[in-house]
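To start, the structure under review is shown below, and the notes come after it.
Since the model is a prediction, treat every value here as computed from it, not as a measurement. As a basis for the values below, the full set of heavy atoms in this structure was taken, side chains included, without hydrogen atoms, waters or symmetry mates.
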Amino acid sequence: MKPSLISGTLFIAVAVLCAVNTGSAEQSADPVIYKTDAELMKALQEKIKATPDQMVTSGIVTDSRYQANIVHRSKPAGAISHPEGSEIHYIIEGSGTMVTGGTFNRTGKTVTIDGGVTRHVAKGDTVVIPAGTPHWYKDVDGSITYLEVRFNVGPKK
């Protein structure tokens, strides 16, 4: 993974977090969270090595209003939605098939989506997923790594 790509990705994450951060007078003089490409990738690679067939994350920040992670998937997982949190996925590396919208189809332990929009996502693509929207990485082409930013902005006006 190229450092300039991660740097650009972190810029996007910081911009999104600043947009949803309301701030307070009690914050420290420098509330910025900064993690280097080396820190994030080292943590991610260690987790991939320990559990190669699982989804793994390298955490950037978790707050009551937002969360950011670098996520790596080597295989599909079940469909999900987050009732109170919107998400942005920025594809850093790899590709796969993502399904959004539609309705959940629960068959035993497997959850898929019926009637959603299917699109192929690849390096450089961005997907904005509003709160409550079902989403699912139906297929992964080898592996996919993306920046995931979750945030709560309140109801649409």
Search all heavy atoms of [X] against all heavy atoms of [Y] and return the closest pair with its distance.
X      : Y      : value
Lys75  : Asp53  : CE-O, 2.8 Å
Arg73  : Val140 : O-CG1, 3.7 Å
Thr57  : Leu44  : C-CD1, 4.0 Å
Leu40  : Gly59  : CD2-O, 3.9 Å
Ile113 : Gly102 : CG2-CA, 4.0 Å
Tyr90  : Gly124 : CE1-O, 3.6 Å

4.5 Å side-chain heavy-atom contact, [X] and [Y]:
X      : Y      : answer
Val111 : Ile80  : no
Ile60  : Leu147 : yes
Val56  : His72  : yes
Val121 : Ile144 : yes
Val61  : Tyr66  : yes
Lys123 : Glu93  : no

Any donor and acceptor pair, going by atom type alone, linking the side chain of [X] with main-chain N or O of [Y] inside 3.5 Å?
X     : Y     : result
Asn69 : Val71 : no
Thr51 : Lys47 : yes
Glu39 : Thr36 : yes

Indicate whether any N or O donor in one side chain lies under 3.5 Å from an N or O acceptor in the other, for [X] and [Y].
X      : Y      : result
Thr103 : Asp114 : no
Thr100 : Arg119 : yes
His120 : Asp125 : no

Which distance, rounded to the nearest 0.5 Å, do you find between the [atom1] of [X] and the [atom2] of [Y]?
X      : Y      : atom1 : atom2 : result
Met55  : Ser74  : CE    : OG    : 11.0 Å
Arg150 : Glu87  : CZ    : CD    : 4.5 Å
Ile92  : Thr145 : CD1   : OG1   : 6.5 Å

Applying a strict under-4.5 Å side-chain criterion to I, L, V, M, F, W and Y, I'd like to know whether Tyr146 and Trp136 cluster together. no
Tell me, please, which residues at least two apart from His82 pass ring pair (Phe, Tyr, Trp, His ring centres under 6.0 Å). His135
Does Ile88 form a side-chain contact (heavy atoms from CB on, under 4.5 Å) with Val127? I'd like the steps, not just the answer. CA-CA 6 Å; Ile88 297 173; Val127 182; over 6 Å; no
For side-chain contact (heavy atoms from CB on, under 4.5 Å), just list the numbers for Thr133 and Ser81, CA-CA rounded to whole Å, side-chain angles, deciding distance to a tenth of an Å, and then say yes or no. CA-CA 5 Å; Thr133 303; Ser81 71; 5.9 Å; no
Tell me which one of Ile129, Thr118, Ile91 satisfies side chain to side chain contact (heavy atoms under 4.5 Å, CB included) with Met98. Ile129
